[in-house]
Amino acid sequence: MAVCVAVIGKDNSPLYIGGVGNDTNTDNELSRQWLVHTALDALEERLATNNTNTANSASNSSRTDLRDLYLGLLYSTDTHKIYGYVTNTRIKLVLVTSSTSPSGSNIRDAEVRTALRRLHALYADAICNPFHLPGDQITSLKFDKQVKNLLLNNV
Amino acid sequence: MKGVDSFPADREGMTHKPIITCAGDWNLFCTLEAPLVAAIPQDSCEWRRSYGRITKSVFLEATFTKYNKDKVQSELNLLKRPILHIYWTDCVDIEYYKTTLREEIETWLKQMEKNGVTDWMLVLVETYDIRKTNKLLPRTTVLDKIKGDFAVKQTEDRFLSVINPIKSEARSAESWRSLVAKIRHFVLVAYNKTLIKFEEYMREQREKRNDPEWDFCTYFILQEQLAFVLEMLGLYEEALVQYDELDALFSQFVLNSNVAESPKWLDTFRQPITSWQAVRLTALVPQHLRELIIKKKASLLDFRSYLFQRQSAMLLLMYKPWEIASRCLSTVHNTIVELSLLGATAVEGAAACWAQLACAETLRACERLAASASASSGGNNAVELCTATQAPLLHHAKDKLHELGKLCGLLPGSPDPTSEQLHLVVMLSAGMGDSEPNNAQPTPTDRLKQALCSKTSFQQYYLELAELAMGTYKHIGRLRFARQIGRDLASFYSELGETGKAVVFLTDALRSYEEQGWKDLAAQTRLELVAAAKKMNDVDRYIKLSARIASTAELEILVRNFYFEDMMKSIRENLSDRRDPVLTELNDCFKVVSATLLPSERGVYITDNKVQCRLVIESNLPKIVVCTQASISTHICKEEKQTERRTPVKSYKTDLSVNSSVGMQNNSPKKSTGEATVENDTSDLIKSIRLDDLKPKNPLLNPLHFTSKLHYKEDKSLQKTTVECQNPKATLKRSESTKYRKPSVTVRNDFESALCCNNITLTPGINEICVEYVARKCGTFKLGQISLLIEEKLEFLSNALMSTKMGYDVITQGINVYLNKVEPKKDLVAGLEHDMELVVTSGSTRIGENASIHLKTSTGMLIRFAKDLSPMSRELDIPIPACDAFETTRVPLRLFASLQPRREKTVEHTVWLNCPWWEAVTEVPLHFSPPMIASWRLFTSNTRKFIHVTVKSTVAHLIQFILTEPKLECDGNTTLSDLNPKNVGDMMVASDGTTASFMWELLKDPLVKAGPMKATFTVQYRPTNVEGPLRSFVCPFDIQDYTTLFVIRTKLEPGKGSDFCRASQVCCLQLSVQRVNETEYTSLMYEVLADQTMWAVLGRTAGVITMESNTGEPQLVILDVMPLVAGYLPLPTVRLSKYIPANTKDPKKDISTHPRLEPFSPGQVYHAGKAKQVHVLPPAPKEHIDTAS
């Protein structure tokens, strides 16, 4: 389904970038990193508008509670689509799908949403490790394995 | 219809209007047609729809055609189908109606019925007649007749009469208005019915979509009719929904075709693409494309263009250009994916051409709209929205142009286009079609064609797009996108040969990546930068970047090694003739793990000695590197005041007092050079640091202060329990981004006085370096920059230690001179020779040749060298041999303080030291104690006098003296009789309490009045443990008032009539005072001081007696006393004092108002009965009373 998944910290530095691809050379991995990096712009833009929206309806507190963490499609390129998700602690999860692969092009919004929710859960599990320092890169092999699984499972 | 539709040329697009047929009197209608066509669109009408759809307010237009009964109306064609049928007549004559009109109407209505048309109207045009209004019978009118004949209840309102507005305008207005409203109403009612029917049919058709015979194009045209109608009714939003549905349907088919069997009709879209004309974003229906679709000859691009144009048209009509822009990109992306999915063949670059043009056209349309919007009020928001969506379009247009440029060999740095590439350009240009005529500004098609023609125009267009895209991204705050374009631009410029510009973009990008911790991206950018630097022949930058790349862990080791080797080569080749090294940031390639100042052997760092610092550095370089010099710069932060060092005497005084209070029992001064003042400041300097400790603590690791609280209601029942975080702000505070900014080292500190170490090998990983420095100056130093010089030409600098307060103090330890006792536990005793030594410690300085210390003593003290037996003197020159730093020279001396014939407890002496190193003279106070003290007492026996001398030693340590030849000498004519034994040998006195006593009797004529007398006690002494000469101890004393003047005798006698003294019986105490020598004191007072437990004095205990001066008769006083207890009781003592009555001459005061008492000296009154005791018997029984004496 997805070709790349990234967890980005509060300060916009990458905590984890995992990708699967038929080609594992550095070039492709890098190109995905560029995608994730630029996605932050769109993501922050989305967050800013969300914030102003919630600010406008500040009285409507239930709305802010129900704020969807899933931000939807952030932007797309000829070959990829980039989806965003942000946790309440401003940890950004980014998922990149390939529009050229048959599975990636046919993906539904709901699938992406579920995948990102699962990633959120995996992330939460990973940082529950008492030896993990919040803000550090996630080096957990288990997390990596699970994320890779998440990427492939949905193909 | 605003915006684009304001162009009159575009009007043809709106060809579809509701068709209304007219039957009956065509001529009559012709007169009314013009006002009717004009009147219908003038007002809106509410369109009520079934199925609960939202009621919309709709503006209508209409075209009228003559009714043709032969024209069979196709149900399927919504557009060509008349929607309403109107029968017009102006018949007012009932007869005529009955004869002809009625039949005509009947046939018309039958035809209506036959065709199942229910949407008709019958209009009777009347001429206004004033008379008619008065008619009482309405049935007589033609309309009534017609209604009566044809109308049923449901259709009654379809019969209408209207007053001809042409003939009587004033009266007709109301009826006319109602006619127009009716027409509008019935048209909408008709549409409602028709559309419901149509939609049903459409749905049916759509359900068949999986049939092999089903064709998307046919269905497309069918559903599009609905869109057209909705557009016609002004319901653009709903029209757009139709197009979107079609879009989604198509996309799904294409996507499914990839996984499932593809339907036959899809092959249409697999045909080779020959045309990639730009989309034209107007409200017009691009008829030629529609024709192609109808003919099923449209290529994928044709279809997509058409669909996008129609969608855009709806959006334009809705006035939402930003929506077009945002849809454009997804359309383009989708189309390109679909092209590949369907495998439609096209010239390479055709899709890119199409995409580029689509983006450019969208941009043009947006600009056009924004321009018109900015004129109108409230357009600002629209402009903003447009701008936000424009940036990605520009970005994409730029990318596509780049792709085309690559294909056609137009990129800078590429060789001239080959003939195939030139052919491709021709092909692509042809496929774009002709550009729009009569356009003043070049259209995107023109620009693209032009750009593909030559390298320069391509470059111009590309740069324009890129700069614009970057600018727009920056404007909307998408800096990361802007930087990505910057990177593209950098590579473009780099190819162009303008590497300088490229470097600017790359550096900017690099900084942002580094700040946000995107290490891979930063590494990649650095690789690009290093290539640029190489191209520019910027050796400095190249070397710096190579070093950084070589130590980037994210990169592959081969890459790192390559740049490492290249860097080393470059240093050797390009920097060999350079004088100054290239400076760069140390933290890029190395990591300072810790720095520790090694403690000095002596505890403090002393001048001319090594200060060492152990530096642990982690090298990230991939290979071993030789560090020519590692150093840490130091800077002095407090210079020791030189003046203080030059006047050591000032500090010396205080120093000594400190020493004495501490209890050091040497009396020698400790010479300091004032380090005490420096020591106060050293406490805040750090000696060792691990740089990891300096990092700010992760706030997330702090414990949260949670408290649980119980909230009670007013009636003390529990309302709720909460767990509260006390300071959520502290935890949730945004981390500051400043911590990512590290100050870059550009300035090299002063390495004049730096801790250095040369030629070390730094291996990858942890290295330990020990840098050292010989301190020359004293003061407080702080560590500054760390510098690692590699290959002599590349210097890494780090400011890591600058912010720490790491430093050290350097002090100078000056020469110290002490005058010490050899036996420090023993006191200095005057009158004895002592072993002393002069200790000279050289401190951190060397003592040169021919140095000597001049000693001078105070009077009474003598000094000499211990070695030779030279005579003692008060001054001495002590030569100090030359010695190195931290050596000690001891000069043994002997010292003697002569014993003064004084009776003081201590003897103070001073030694002045005159050293060549100090200007002032040093004073050493010495305290001596006398070896022994003599005390004397006078004893009296009646008139005989004895002197008792006691000698004891007060020296603190144990010392014994042998005393010989005691002698007492008196002045005057007083002779002394020596009562001391002559043959018992030497007396001994020691400080453990052993005393020696001597006794003499004063032989003196008792009748001669003696004045004050001076006596001198002399004794020879020698310490028992040392054989040496006897020294004499002299103690003078004065003897005064020693002559006995009065003798008191006391006698107790039993009371009258008893022989013995008994307790509780009054006895008689007889006092007699006898003068034995001449005295001026005649008035005496006696006081009986009886022990109250033994005696009770009855009556007066004191009294004044007057002694006759010329008689030696004793004065008698008798007192009654009573012994209280029995036994041998001492007699009550009697004190005799001089009585000076009031109003007598007093040497101190003129006249004393009160009588005074003055005591006698101890030897003047002799109490003869002092030790006498009297035997007191217990109280006797009444029968016999005894007394005893």
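Proteins get letters first, then strands, A, B, ... in listed order; numbering begins at 1 in each.
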- Non-hydrogen side-chain atoms of B:Gln516 and A:Asp11 separated by less than 4.5 Å: no
- Item | Side-chain touch A:Pro14/B:Trp518, heavy atoms, less than 4.5 angstrom | yes
Could you tell me the separation between the [atom1] atom of [X] and the [atom2] atom of [Y], rounded to the nearest 0.5 Å?
{"X": "B:Lys519", "Y": "A:Ser13", "atom1": "NZ", "atom2": "OG", "value": "9.0 Å"}
{"X": "A:His37", "Y": "B:Ser512", "atom1": "NE2", "atom2": "OG", "value": "5.0 Å"}
{"X": "B:Leu521", "Y": "A:Ile17", "atom1": "CG", "atom2": "CD1", "value": "7.0 Å"}

- Task: Take atom NZ of A:Lys145 as the centre, draw a 6.0 Å sphere, and report whether it contains more than 12 heavy atoms from other residues, nucleotides or ligands.
- Result: no
- Message: Can you tell me if B:Gln252 has over 12 outside heavy atoms packed within less than 6.0 Å of its CD?
- Response: yes
- Item | Residue A:Gln33 versus chain B: region with a heavy atom under 4.5 Å | both
- Message: Under 4.5 Å from any heavy atom of chain B, what part of A:Ile8 do you find: side chain, backbone, both or neither?
- Response: side chain
- Task: Output, in order, the C-alpha distance, side-chain angles, deciding distance and verdict of side-chain contact (heavy atoms from CB on, under 4.5 Å) for A:Glu45 and B:Ile476.
- Result: CA-CA 9 Å; A:Glu45 207 170 76; B:Ile476 60 170; 4.2 Å; yes
- Message: Can you confirm if the aromatic rings of A:Trp34 and B:Tyr513 lie within a centre distance of less than 6.0 Å?
- Response: yes
- Is B:Arg480 salt-bridged to A:Asp41, going by a charged N under 4.0 Å from an acidic O? yes
- So which part of B:His395 gets closer than 4.5 Å to some heavy atom of chain A, the side chain, the backbone, both or neither? neither
- Note on the structure: Of all heavy-atom pairs linking A:Thr38 and B:Phe481, the shortest is O-CE1, 3.3 Å
- Between B:Ile336, B:Val332, B:Asp399, B:Asp520, which shows the greatest number of heavy-atom pairs under 4.5 Å with chain A? B:Asp520
- Item | Heavy-atom pair count under 4.5 Å with chain A, highest-scoring of B:Lys400, B:His333, B:Arg483 | B:His333
